[in-house]
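We number each residue from 1, following the sequence as shown.
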Amino acid sequence: MALRMMIDKATGMAARMYQRSVAAQLSQTGLRYEDIINENEKEVAEALSLADPDVVTGRTRRLKRAIDLNFKRKNFMDYAPDVDQETFKMDIYEDVNKIKARDQEYALLNAHNK
């Protein structure tokens, strides 16, 4: 029990440090965490197809802006220093989790067909 608590505490500390480093890298390009999720995964592609068009448009624009800034070797903060980027705002991730849960349930319900 005590070992488990120590492992959870160490994992939590490592996760927070990793999250800070990822946030710093994403803020340089103006991206959100959801923008770097692979859209070729089946669940993510379905969630994007069901998402609000504004969410998809925003994601596309942020990705294009990040590609452009990377090509020019510029930093997003040079252009918009006062912008709150909401790096870890979740627009589609909840839908991705629901789709994964639905697919798992479907697989379990059809397990007898094998």
Look at atom CD of Glu94 and say whether more than 12 heavy atoms of other residues, nucleotides or ligands are closer to it than 6.0 Å.
no

When Asp35 is tested against each of Thr87, Leu63, Thr60 for side chain to side chain contact (heavy atoms under 4.5 Å, CB included), which residue passes?
Leu63

Enumerate the side chain to side chain donor-acceptor pair (under 3.5 Å) contacts for residues 37-57, please, sequence neighbours excluded, ordered by first and then second residue.
Glu39-Arg59, Lys42-Asp103, Glu46-Arg102

Quick one: side chains of residues 66-74, donor-acceptor pairs under 3.5 Å with protein atoms, not counting sequence neighbours, listed by atom name and distance.
| residue | atom | partner | partner atom | Å |
| --- | --- | --- | --- | --- |
| Asp68 | OD2 | Lys72 | NZ | 3.2 |

side-chain contact (heavy atoms from CB on, under 4.5 Å) against Ala2, all qualifying residues, sequence neighbours excluded:
none

Verify same cluster id: [X], [Y] (apolar side-chain graph, 4.5 Å):
X     : Y     : result
Phe88 : Ile36 : yes
Met90 : Val96 : yes
Ile99 : Ile37 : no

Straight-line distance of [X] [atom1] to [Y] [atom2], nearest 0.5 Å:
X      : Y      : atom1 : atom2 : result
Arg62  : Phe76  : CZ    : CZ    : 10.0 Å
Thr11  : Arg16  : OG1   : CZ    : 10.5 Å
Leu109 : Glu105 : CG    : CD    : 5.0 Å

My understanding is that only residues two or more places apart in sequence, or in another chain, count here; which of them pass side chain to side chain donor-acceptor pair (under 3.5 Å) with Arg61?
none

Which other residues end up in the same hydrophobic cluster as Tyr106, if Ile, Leu, Val, Met, Phe, Trp and Tyr are linked when side-chain heavy atoms come under 4.5 Å apart?
none

Only pairs under 3.5 Å count here: list side-chain donor-acceptor contacts from residues 20-34, not counting sequence neighbours, and write none if there are none.
| residue | atom | partner | partner atom | Å |
| --- | --- | --- | --- | --- |
| Ser21 | OG | Tyr18 | O | 2.8 |
| Ser27 | OG | Ala23 | O | 3.2 |
| Ser27 | OG | Ala24 | O | 2.9 |
| Thr29 | OG1 | Leu26 | O | 3.2 |
| Arg32 | NH1 | Asp91 | OD2 | 2.8 |
| Glu34 | OE1 | Asp91 | N | 2.9 |
| Glu34 | OE1 | Ile92 | N | 3.1 |
| Glu34 | OE2 | Asp91 | N | 3.0 |
| Glu34 | OE2 | Ile92 | N | 3.0 |
| Glu34 | OE2 | Tyr93 | N | 2.7 |

